[in-house]
Every structure is written in C-alpha cells, then in structure tokens.
Protein chains: 2
Amino acid sequence: MGGPIKGRTHRQLRIDLNKTMIASVNHPPLATPLADRLTAAGLRLTAPRRAVATVLETSETHLAPAEVLERARAICPDLGRATVYRTIDALVRIGALRPLYLGDGPEQRFALAEGGHHHLVCAACGTVVEFDDCPLGDLETTLAARTGFRIHGHLLELFGRCPACA
Amino acid sequence: MGGPIKGRTHRQLRIDLNKTMIASVNHPPLATPLADRLTAAGLRLTAPRRAVATVLETSETHLAPAEVLERARAICPDLGRATVYRTIDALVRIGALRPLYLGDGPEQRFALAEGGHHHLVCAACGTVVEFDDCPLGDLETTLAARTGFRIHGHLLELFGRCPACA
DNA sequence: TTGTCTGCAAAGCGTTTGCATTTCG
DNA sequence: CGAAATGCAAACGCTTTGCAGACAA
C-alpha cells in the first residue's frame, strides 16, 4: 500500500553556513510588521488580524493555518478559523506572505515573503534543514529587469535525502 | 470577505534567459525514466504505475493529482484515483518526484526531482513564469558536502508581482 | 505461489463559503 | 453611519484508507 506520507514529521533544523558559503550574505528581513502592510494596502487593522500577523512574524518555523489559529488564540481568544484563512489570503495577495510546501502533509504552510527562505528537504523523512545565506541577489536583479516583475523574495528548496535516509 | 485565492489561474509561461543569464547553464535532467526508478527501488512496475510515470515525465507543466489521473486514464482506462496518489507518494519517497506549491489553489502539484525548477510567481494573479537557467550548481555541491545530504534537485521560486499587477 | 498493488467507495480533514452581527474609519 | 471584517457552522473538494480481488515476480 502507498506508505503514509503523513508519517513524516515537520522538523526544522537550522545551520549557519557563513564560513563555507560563497558570498553575498542575505541579511535577515527588516520585517516591516505585517500589520503595517495591511493598512498600507488599504485593509482594516482589526484585533484578529493583528493577532494573526503577530504570530506569523514571531514564529521560528513555517506555520500551517491550524497552527496559526492555535497560537493566535492566545492573543485573540475568539479568533475563528475562517478569519485565519482570510487573513493569510490577504497577506499573500498583498505580497507580504508567501505559500510554500515542505512535503510533510497536505496542509499549506506560509513564510514571510520578504527576503529569502532556503531549505534542504529530505524526501524520505521530511526533515528540513534551513540555511540563511544564498547567492541570489544578482539573479533577482537580473530577472526583475528582464521580466518586469517586482520581486519581494525567494524560496530555494534543495531536495534530496538526508544522511540518515541515504 | 477574504478574496478568492482560487480566482487565480494556473498559468505558466516560459522564458529563455540564456542571453542575459549569468553563467553555469543547468542542462536539462537526464530524465532517467520514472519507471526505472520504481523498479530500482524494489517496487513493482505495473500498468497503472507506468501510466502515471509516463504522464508525469511527458508533461510540460507541473501537474496536480487530478490532472495526472485524467491524462493517465488515456493510457490506462481503469486507473483509480487512489492509485495515482499512491504512486505519486512512492515517487516522492524514492526521491524521483518532488512536491511544490504554486499558490493557485489547495491542490498539491509535483515536478520531477532531478534538475532544477525555477519559477517567478506573481502573488496577485498567480501567473508563473518559468526559466531554465540558474547559478546553483556550486551551492548544491557545497551544501551536499557540508550537510551530508544527497541532493537530487532544487526548486527556486521568486515571489513578487508581475508587470500587470504591480 | 505470495506478497504487492489496484479499484472502489466511504471516511477524513484541511479549506471555503453564507449569513447575521460586530467593528473599523 | 456604511463598508469591511468576523465567527459560526455547514458545505466543499482534495486526499487517504479499508478491503476483496488482481497481478507482478
């Protein structure tokens, strides 16, 4: 039977490759608060939205809607599921948040759109190693000029097998 | 009301940046047939699996399970939904296929794991521009050496707004 | 032959929607 | 005050699972 893809857990490690990395350090995002992004986009800033924004901004990992709901309820107890989805939708459309897929279940996960996200994903066990630096500054510039896109950030996922699964 | 993220369609364009691109051309994957990968992994090669593998290999775009089912039925008429999901699961776990998210609906999409996939995604309308070259060869090598991962391929998604939506 | 794989249909569950009410501006 | 946003709960639709039969090796 097709094995349980679900068996894979959502683990995230973080490594610092500064010493061995190429160049062009990508400093962490300035993290203009998501709340500001909402108002700047002409959307109303409500308590539920503020709670969702705060959770997304302060999380160390890439959250799924259910996790956002759970954590945000600590700030805004009456928060409803639907509002979480709707707020995330809004943030994605404004370009403040971006969807991503880490391969450990059918739920969607999100990350701040600003800056870059770099993952090393194990196809077998779902382990995700995150690293901070990457040499994509030039590419972003080139592509922006060439295509007319306004680029907010990027996601780089290297896919393979971790030492334990290889 | 939270706008319909669904309103965004799954469009894919393709551009050739050879002329303006940096260097390090990433030649297309050798595409060891997916069917071979299955047998190599000790899995049985059945007609349904062969059909799914063929569809995934020959598609120009990144398919969702429902699309794979539809197309594969042209080859294997009795193919069932469950088998498509199970086969995709198997392919992901052996590292031949990789999940990805393009932001235009809740369904998962997949791409061959070998080689690279490079997208320029518009946060507003969901348009995806695909490009073929990227300068990540060195990074893959460095990371593989540093982390012990065996890297099959990568996904690079630049997130922003297309000219029309900006 | 035998354990794997398949199709079917039901179950599961993450996401979306309708609507009356509340809230921001 | 008027439009936008919210919560609830039902509706949806994609994905997974149980099982008996079919099939690769």
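So you know, we letter chains A, B, ... as the sequences are listed, proteins then strands, and number each from 1.
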**OP:** Tell whether A/R49 reaches the base of D/dA5 with its side chain through a donor-acceptor pair below 3.5 angstrom.
**Re:** no

**OP:** To the nearest Å, give me how far apart CG (A/L63) and P (C/dT15) are.
**Re:** 13 Å

Original post:
Where the side chain of A/R81 is defined as all heavy atoms beyond and including C-beta, which of C/dT15, D/dT15, D/dA25 is the nearest nucleotide?
Top reply: C/dT15

Original post:
Pick one: which of A/H118, A/H119, A/H117 meets side chain to side chain donor-acceptor pair (under 3.5 Å) with A/E157?
Top reply: A/H119

**OP:** Can you figure out which of C/dC8, C/dG3, D/dA3 approaches the side chain of B/R44 most closely?
**Re:** C/dG3

Original post:
In terms of the nearest nucleotide of DNA chain C, which residue is placed more toward the 5' end: B/L43 or B/R73?
Top reply: B/L43

Subject >> Among A/V84, A/V68, A/T87, the one residue meeting side chain to side chain contact (heavy atoms under 4.5 Å, CB included) with A/L79 >> reply: A/V84

Original post:
Hey, is the side chain of A/T46 poking within less than 4.0 Å of OP1 or OP2 on D/dA4, counting only N and O atoms?
Top reply: no

**OP:** Could you state the atom-to-atom distance from CD1 of A/I94 to C1' of D/dA5 in whole Å?
**Re:** 14 Å

**OP:** Could you check which of C/dT17, C/dT6, C/dT15 has an atom nearest any side-chain atom of B/P48?
**Re:** C/dT6

Original post:
Given that B/T39 and B/Y85 both sit by DNA chain D, which one's nearest nucleotide is further toward the 5' end?
Top reply: B/Y85

Original post:
Can we say B/E57 and B/R37 salt-bridge, meaning some charged N sits less than 4.0 Å from an Asp/Glu carboxylate O?
Top reply: no

Original post:
Nearest of C/dC24, D/dC8, D/dA25 to any side-chain atom of B/L45?
Top reply: D/dA25

**OP:** Give a yes or no on whether the backbone of A/V55 and the side-chain of A/S59 come within a donor-acceptor separation of less than 3.5 Å.
**Re:** no

Original post:
Given C/dT15, D/dT15, C/dG18, which nucleotide is nearest the side-chain atoms of A/R86?
Top reply: C/dG18

**OP:** Report the distance from atom CD of A/E107 to atom P of C/dG12, rounded to the nearest whole Å.
**Re:** 18 Å

